[in-house]
Structure formats: structure tokens, C-alpha cells
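Structure first, then comments.
Labels below follow one simple rule: chain letters A, B, ... track the order of the sequence lines, proteins then strands, and each chain is numbered from 1. As a basis for the values below, the full set of heavy atoms in this structure was taken, side chains included, without hydrogen atoms, waters or symmetry mates.
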2 protein chains.
Amino acid sequence: MKGPQLQCKSMRSMKKESIRTVIVDDHQMVIEGLKTLLNGYESIEITSFFTTGKAVLEFLNNQPVDIVLLDVNLPDINGVEICKIIHEKYPETKTLGLSTYNEPSIINQMIKNGVKGYLLKNATADELVHAITQIHNGNFYFGSEIQNILASSITDDKDAPPKLTRREKHVLTLIANGKTTNQIAEELFISPLTVETHRRNLIRKMEVTNAAALVKIAIDKNLI
Amino acid sequence: MKGPQLQCKSMRSMKKESIRTVIVDDHQMVIEGLKTLLNGYESIEITSFFTTGKAVLEFLNNQPVDIVLLDVNLPDINGVEICKIIHEKYPETKTLGLSTYNEPSIINQMIKNGVKGYLLKNATADELVHAITQIHNGNFYFGSEIQNILASSITDDKDAPPKLTRREKHVLTLIANGKTTNQIAEELFISPLTVETHRRNLIRKMEVTNAAALVKIAIDKNLI
DNA sequence: TTTTATCTACTGGTTTTCAGGTATATTTTA
DNA sequence: TAAAATATACCTGAAAACCAGTAGATAAAA
């Protein structure tokens with residue numbers, strides 16, 4: 001399926017229309033790696049690269065870009081947030097998520113925020129190029145590992161965000177810090193009985209049996 | 001068992017003697033990045049690269065290597081372990097730790113296991129080369145960020161490993177899973193009273209006041 | 001403007017944890 | 001081998017957590 005569909009595209013410009021791609025990653029080594037991996041592929045042009053979310057958003061303000069290779073863990077802005085901003089402000093620009101770890105909840109959030117594909121950083125050059133090409137053609141691309149992760153996380157329905165209220169999150173944080181019901185009540189200027197209620201609701205919502213497990217699950221789900 | 005490197009043995013005086021370096025990282029992108037970054041430097045020769053700990057240990061069995069660029073997070077063997085093995089079996093070979101995150105406890109363990117230097121993956125090419133050169137000359141090299149991390153972690157004395165026993169770690173894990181003292185006792189075929197003792201010792205050692213905080217701290221310190 | 005969600009508060013009860021101890025057999029280490 | 005660390009076990013009593021149900025006051029959403 002690779003092959004002679006290159007020239008049929010009814011090009012807007014002359015030559016081969018290359019896919020304008022930018023890289024966002026806070027690690028120089030990864031940036032270099034990506035540049036090297038994509039070096040031999042003429043269809044893809046690395047327009048620029050950035051180590052912060054702020055920088056790439058500024059750039060997009062002035063320059064049209066086809067694909068953003070977006071690392072999830074950035075120093076300034078969360079990758080999930082950047083994803084959202086990009087797709088709201090620049091609907092033409094497509095994002096391909098990249099990360100080291102395979103956290104279903106993050107991937108899910110990225111998808112909700114409009115990411116068009118997702119790869120782990122151990123991807124090969126071919127896989128990377130394939131992903132970029134697919135996404136540029138309006139398709140989605142998720143590596144097989146990612147698909148497995150997503151599939152299992154959907155069937156399990158596990159990382160479904162249990163929708164904690166603001167107050168509950170606050171109480172949860174205090175519980176995780178070792179505060180007792182009475183201490184929490186003092187701190188929040190409410191009755192210990194109320195704190196008990198929140199505590200109960202947290203344990204029920206998170207489907208656990210005590211505070212220790214509650215804390216663990218909460219951390220697992222990045223709620224703290 | 002490979003033959004054809006025999007004649008290279010006595011080439012100290014030929015040109016500049018290059019530093020035989022191997023890369024261990026499970027991410028293709030990082031490997032490519034490292035190769036690219038080190039490309040222009042003739043003094044450093046990337047002999048080979050690996051994506052697993054097992055592979056590099058096998059290689060070292062047959063080939064002498066000066067420097068191992070060692071990622072901490074590998075799929076099979078823990079980077080900390082590999083470090084230890086390498087320095088025990090191949091004292092001539094020096095390791096330079098590489099990782100994304102700056103976890104003082106891990107860096108400390110690596111140092112204990114003989115690592116000669118440590119860099120974050122956002123290091124520049126110059127920094128990398130400088131580190132490799134320094135280490136090859138018998139010095140240590142730790143990036144300024146790492147030094148800060150180590151300094152603060154020493155003064156804070158915070159991540160001091162509270163030295164949990166095997167049994168205590170086991171109990172800790174079960175507590176984090178929401179098990180009660182009695183359930184744990186059943187599972188481990190010991191008296192609930194014993195479990196209570198372990199629980200109390202855990203809470204004392206970790207300097208917290210209850211199980212919820214215990215779980216949080218334990219996760220923070222990567223004990224679970 | 002209903003309806004829903006959230007925060008708040010209470011009663012009454014059971015279970016679990018936490019903090020002080022003590023103590024013995026086994027394993028590790030110096 | 002002697003000493004230290006570890007794993008095991010027990011006791012008591014107080015504090016805290018947990019369970020189940022109810023319900024009023026707001027605040028947000030339909």
C-alpha cells in the first residue's frame with residue numbers, strides 16, 4: 001500500500017507537498033532521535049522543534065503546521081492541555097501523542113482533547129512515518145500496544161473518573177495526608193459528622209473498603 | 001567468540017584513541033538521539049546499542065567496553081541492578097546513568113552501585129560528551145541539576161530509605177490494597193497480632209500517624 | 001422553575017486501628 | 001560464636017474509622 005500515490009494528490013503547490021511537522025519534547029535526546037528517524041523521509045519536513053508547551057503555542061500563532069509530535073510530559077503545560085488548546089485554536093493542525101508510559105487515563109484524556117494518534121517512544125521509524133501519514137490523511141493512528149491498552153481499559157471500565165466533587169477532593173487530599181476526621185473538620189470549619197459523610201461517599205464512589213485503599217486508588221488515578 | 005577485532009587491540013597510538021561506548025535504552029528514539037548527538041565527536045565511538053539489560057550484559061561478556069550509557073527504566077532488569085552487575089563483573093567498564101525523572105532515591109542507589117555519572121535526558125550534546133570524557137578519565141560527572149537534587153536530598157535526609165523488611169513490605173502492600181489486619185493475617189497464615197505489630201512498625205518507621213498516610217508516603221517513595 | 005447535585009448535619013451502632021507494653025525463636029551479620 | 005536484626009505472638013484500652021439510614025439548605029442545571 002506504499003507506493004505510487006505520491007504524485008496523484010493534485011498538489012496545491014508544485015513539487016511533493018511535504019507534511020509540515022513540529023516536535024515538542026523537553027528532552028534534547030528525543031528530539032534528535034525523532035529528527036534522525038524522520039531524516040530519510042522526504043514526505044515529512046521537520047519545520048521546527050520546541051521544549052516547552054508555551055513555545056509551540058506561540059509558534060503555531062504565526063506558522064501553519066500540519067502535525068505536532070507532542071510529548072505528554074512537559075515542564076510547563078500539561079500535554080493533555082496543549083492538545084486541547086491546539087485543536088480548539090488550530091483545527092487544521094493534527095497532533096500525535098508521544099510518551100514513555102502507557103497510562104490509559106492519560107491516553108483517554110488526550111483522545112477526548114482531539115489527539116489523532118498515539119505512540120510509545122519505543123516506536124520504530126516506519127511506525128512513526130506511517131502514523132504521521134495516516135493522521136495527515138485524516139485518519140487516526142494508534143499503535144497496537146496503545147490499542148490493547150485502550151481496549152482493556154474500556155472493557156474494564158476501570159479508570160472511569162468517579163466524578164468527585166470539589167469538596168470531596170479536598171477531603172480526600174487531607175485524608176491522604178494522614179489527617180483524622182476531627183482534624184479535617186477543624187481545618188474546614190465543618191462538623192466531623194459531615195467529614196464522615198464525605199469520607200463514606202469517597203469510599204463508596206471509589207469502590208474500596210477503607211481509607212488506605214482509597215488513597216492508593218486515588219493516587220493511581222492521579223486524583224491527588 | 002567474534003574474531004575480527006583482534007588487530008585493534010594495540011592501536012592506542014593510532015590517531016586518537018576512541019572511547020568505546022554502548023547505549024542501553026528501551027526507546028528507539030532516545031537511542032537515535034544519542035547516536036546523533038555523539039555523531040560529530042570522533043573521540044567517542046558507539047560500539048553498539050541495546051534495548052534490554054539482558055542483551056547488554058551478554059554483550060559485555062564478549063566485548064570490552066569503556067562506557068555504558070545506561071537508562072534507568074528498562075523493561076527487563078532494573079537499571080540499578082544492571083549497574084551493580086556491571087561494576088562487579090567488569091570493573092574496567094564505567095557507567096553513566098540516564099533518566100527522565102530526577103528521583104533522588106534512585107540516583108543514590110545508582111551511586112551506591114558504582115555509577116560514575118548521571119544525566120537527565122534533556123542534556124545537551126556538549127554536556128553528554130563532557131560527562132563521557134570525564135568519566136573515562138576516571139572522574140565523576142553529575143549534571144548541575146543532579147548535584148542540586150543530591151545536595152537537597154542529603155540535607156533534607158528525607159528520602160532516607162526507612163529500611164523495611166521483606167515481611168513489612170509485603171504487609172504494606174496488602175494494607176495499600178485495602179486489606180484489614182485480620183484479612184492480612186489469614187492471607188499470610190500468621191496471627192493478627194503479628195500483623196498489628198508490623199503495621200505499627202511501618203507507621204513508626206515511616207513517621208506517619210495512620211494507614212492512609214502510610215500508603216501515600218509509601219507510593220511517593222516507590223515502595224509499592 | 002422544577003430537578004438535580006452538592007454540602008451540610010445527625011443517630012446509633014459495629015469494626016478496626018493505634019499506642020503502650022512484653023516476649024521468644026530464628027536469621028543475619030559482625 | 002556472640003550480637004543484632006527480624007519475624008513471630010500476646011495483652012489492654014482508647015481512639016478512630018466504618019456502616020446504614022435520613023434529611024434540610026443551597027447551588028447549579030434542565
Side-chain angles (χ1 to χ4, degrees), chain A residues 112 157 160-221 223-224, chain B residues 81 84 88 105 109 112-114 157 159-221 223-224:
Chain A
K112 270 184 201 144
D157 204 83
K163 280 173 204 160
L164 302 187
T165 67
R166 213 174 302 162
R167 199 57 154 178
E168 283 168 344
K169 278 184 196 166
H170 198 170
V171 171
L172 174 55
T173 306
L174 295 173
I175 290 174
N177 287 337
K179 302 283 174 67
T180 68
T181 294
N182 282 322
Q183 289 171 334
I184 296 172
E186 271 186 37
E187 195 165 331
L188 301 183
F189 300 106
I190 57 179
S191 161
L193 298 159
T194 304
V195 178
E196 277 295 330
T197 303
H198 288 312
R199 180 191 285 269
R200 264 191 356 225
N201 290 336
L202 282 165
I203 289 174
R204 182 178 45 76
K205 281 188 182 177
M206 308 287 274
E207 295 175 338
V208 290
T209 56
N210 60 36
L214 174 67
V215 170
K216 175 158 179 290
I217 295 286
I219 293 177
D220 285 350
K221 292 189 190 294
L223 293 175
I224 293 189
Chain B
E81 278 306 306
K84 190 176 180 181
E88 278 172 0
S105 65
Q109 287 176 61
K112 269 183 202 146
N113 286 349
D157 205 80
D159 72 322
K163 281 176 203 159
L164 301 188
T165 68
R166 215 174 298 161
R167 200 59 155 177
E168 284 168 344
K169 278 183 195 166
H170 198 170
V171 171
L172 175 55
T173 306
L174 295 173
I175 289 174
N177 287 337
K179 303 282 173 67
T180 67
T181 294
N182 282 322
Q183 289 170 334
I184 295 172
E186 271 186 39
E187 194 164 330
L188 300 184
F189 301 105
I190 58 179
S191 160
L193 300 159
T194 305
V195 178
E196 277 296 326
T197 304
H198 288 313
R199 178 193 287 269
R200 265 185 307 148
N201 289 337
L202 282 166
I203 288 174
R204 183 178 44 76
K205 282 188 182 177
M206 308 287 275
E207 296 176 336
V208 290
T209 55
N210 60 36
L214 175 67
V215 170
K216 176 157 180 290
I217 296 286
I219 294 177
D220 285 350
K221 291 192 192 293
L223 294 175
I224 292 189

Where do I190(A) and R167(A) land on the side-chain contact (heavy atoms from CB on, under 4.5 Å) test, with the steps shown first?
CA-CA 11 Å; I190(A) 57 179; R167(A) 199 57 154 178; 3.4 Å; yes
Does L174(A) form a side-chain contact (heavy atoms from CB on, under 4.5 Å) with L188(A)? I'd like the steps, not just the answer.
CA-CA 10 Å; L174(A) 295 173; L188(A) 301 183; 4.1 Å; yes
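- Taking 4.0 angstrom as the limit, T181(B) places none of its side-chain polar atoms (N or O) nearer than this to OP1 or OP2 of dT16(C).
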Strictly under 4.0 angstrom, non-hydrogen atoms only: write out the protein contact profile of nucleotides 18-30 of chain D, one letter per nucleotide from the 5' end, B, S or -.
BBBB---------
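- Pairing each heavy atom of A211(B) with each of I175(B), the nearest pair is CB-CG2, 4.1 Å.
- Considering only side-chain atoms of R167(A), the nucleotide from dC10(D), dC7(C), dT16(C) that sits closest is dC7(C).
- Atom CG of L193(B) is separated from atom P of dT8(D) by 13 Å (rounded to the nearest Å).
- Over its full length, the helix from dT1(C)-dA30(D) to dA30(C)-dT1(D) turns its helical axis through 70°, comparing axes from the five pairs at each end and rounding to 10°.
- The nearest pair of heavy atoms linking A176(A) to V215(A) is CA-CG2, 3.7 Å.
- If you check residues 182-190 of chain A against DNA chain C, the residues with a heavy atom closer than 4.0 Å are I190(A), listed by number.
- Put simply, T194(B) has no side-chain N or O that comes within less than 4.0 Å of OP1 or OP2 on dT8(D).
- For dA7(D), the OP1/OP2 oxygens have no side-chain nitrogen or oxygen of H198(B) closer than 4.0 Å.
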